Amino acid sequence: QVQLVESGGGLVQAGDSLRLSCAASGRTLRTAAISWFRQAPGKEREIVAAANWSGDSTYYADSVKGRFTISRDNTKNTMYLQMNSLKPEDTAVYYCAAARSGGLRTRAPLYDYWGQGIQVTVSS
């Protein structure tokens, strides 16, 4: 059984940084497309960042370009989302996701495995 477990969320002030981690078990992330989504209260879940299996193809939402970075550590079977210059509008529950195959994808239904979600709150 594949499990993704997020950590690293919390309450920060505007301008601060956070790094979210997502540890995988039951399946290697090395060959998987990975991504981070978020969902704010009253809003639909949206893609934040995605990467193909090798990391040479990435996608970032316009709202986070230049501030967020998606990465992975295959030795730890863990993916990360480094979030810098956080803004109050980044407040949301963040979800990590992985696919069985490795091609870059940005739509939620194309991901097979999901974390439980972790709260990130940015105060002004």
Side-chain angles (χ1 to χ4, degrees):
Q1 184 176 355
V2 178
Q3 279 194 317
L4 301 180
V5 179
E6 297 111 337
S7 61
L11 172 63
V12 297
Q13 293 191 335
D16 286 350
S17 297
L18 270 180
R19 188 177 77 159
L20 302 182
S21 300
C22 175
S25 60
R27 189 192 190 281
T28 179
L29 290 180
R30 185 172 53 84
T31 57
I34 59 173
S35 68
W36 290 89
F37 287 75
R38 68 186 180 187
Q39 187 166 18
K43 295 188 177 181
E44 293 187 353
R45 190 173 298 192
E46 63 175 359
I47 182 86
V48 174
N52 71 336
W53 70 276
S54 66
D56 62 0
S57 183
T58 58
Y59 169 88
Y60 293 94
D62 287 344
S63 58
V64 307
K65 276 181 185 175
R67 299 188 298 124
F68 290 12
T69 303
I70 187 171
S71 64
R72 79 179 80 201
D73 184 336
N74 290 331
T75 64
K76 297 181 178 179
N77 214 28
T78 299
M79 68 174 88
Y80 303 98
L81 183 68
Q82 177 66 42
M83 305 185 292
N84 298 330
S85 302
L86 282 161
K87 304 175 181 180
E89 50 263 44
D90 294 319
T91 295
V93 175
Y94 284 72
Y95 300 87
C96 60
R100 291 192 183 95
S101 55
L104 182 68
R105 62 207 63 202
T106 59
R107 293 178 58 237
L110 299 180
Y111 284 90
D112 303 291
Y113 311 109
W114 290 84
Q116 79 285 0
I118 193 163
Q119 179 69 44
V120 172
T121 303
V122 184
S123 64
S124 57

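All figures in this text were calculated on a predicted structure; none of them were measured in a lab.
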[atom1]-[atom2] distance between [X] and [Y], expressed to the nearest 0.5 angstrom:
{"X": "Gln82", "Y": "Leu18", "atom1": "CD", "atom2": "CG", "answer": "8.5 Å"}
{"X": "Met79", "Y": "Ile34", "atom1": "CE", "atom2": "CD1", "answer": "5.0 Å"}
{"X": "Ser71", "Y": "Arg19", "atom1": "OG", "atom2": "CZ", "answer": "7.0 Å"}
{"X": "Ser54", "Y": "Arg30", "atom1": "OG", "atom2": "CZ", "answer": "12.0 Å"}
{"X": "Ser7", "Y": "Ile118", "atom1": "OG", "atom2": "CD1", "answer": "6.0 Å"}
{"X": "Arg67", "Y": "Ser85", "atom1": "CZ", "atom2": "OG", "answer": "7.0 Å"}

Please report the shortest heavy-atom distance between [X] and [Y], naming the atom on each side.
{"X": "Ala33", "Y": "Gly103", "answer": "CB-O, 3.2 Å"}
{"X": "Cys96", "Y": "Leu4", "answer": "SG-CB, 3.8 Å"}
{"X": "Ile70", "Y": "Ser35", "answer": "CD1-CA, 3.9 Å"}
{"X": "Leu29", "Y": "Ala98", "answer": "CD2-CB, 3.8 Å"}

According to a hydrophobic-cluster definition based on side-chain heavy atoms being under 4.5 Å apart (Ile, Leu, Val, Met, Phe, Trp, Tyr only), do [X] and [Y] belong together?
{"X": "Leu81", "Y": "Val64", "result": "yes"}
{"X": "Met83", "Y": "Tyr95", "result": "no"}
{"X": "Tyr94", "Y": "Val12", "result": "yes"}
{"X": "Leu104", "Y": "Val48", "result": "no"}
{"X": "Val93", "Y": "Val120", "result": "no"}

So does [Y] get a backbone contact from the side chain of [X], meaning a donor-acceptor N/O pair under 3.5 Å?
{"X": "Asn52", "Y": "Gly55", "value": "yes"}
{"X": "Thr121", "Y": "Thr91", "value": "no"}
{"X": "Glu6", "Y": "Leu20", "value": "no"}
{"X": "Asp73", "Y": "Thr78", "value": "no"}

| field | Stepwise side chain to side chain contact (heavy atoms under 4.5 Å, CB included) check, Asp90 with Arg38 | value | CA-CA 9 Å; Asp90 294 319; Arg38 68 186 180 187; 3.0 Å; yes

| message | Tell me every residue that passes ring-ring contact (aromatic ring centres under 6.0 Å, His included) with Tyr111, counting only those two or more places apart in sequence or in another chain. | response |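 Tyr111 satisfies ring-ring contact (aromatic ring centres under 6.0 Å, His included) with Phe37 only.
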
| field | Charged tip of Arg27 within 45° of Tyr113 ring normal and under 6.0 Å | value |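 No, Arg27 does not lie over the aromatic ring of Tyr113.
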
| task | Check each of Pro88, Ser123, Ser124 against Gln13 using the side chain to side chain contact (heavy atoms under 4.5 Å, CB included) test, and report the only one that passes. | result |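 Looking at Pro88, Ser123, Ser124, the match for Gln13 under the side chain to side chain contact (heavy atoms under 4.5 Å, CB included) is Ser123.
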
| Sequence neighbours excluded - ring pair (Phe, Tyr, Trp, His ring centres under 6.0 Å) pairs with any residue from residues 46-82 |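 Listed once each, the pairs would be none.
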
| request: List in chain and number order the residues that pass side-chain hydrogen bond (donor to acceptor under 3.5 Å, both in side chains) with Ser101, two or more places apart in sequence or in another chain; answer none if no residue qualifies. | output: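 Partners of Ser101 by the side-chain hydrogen bond (donor to acceptor under 3.5 Å, both in side chains) criterion, ordered by chain and then number, come out as Arg105.
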
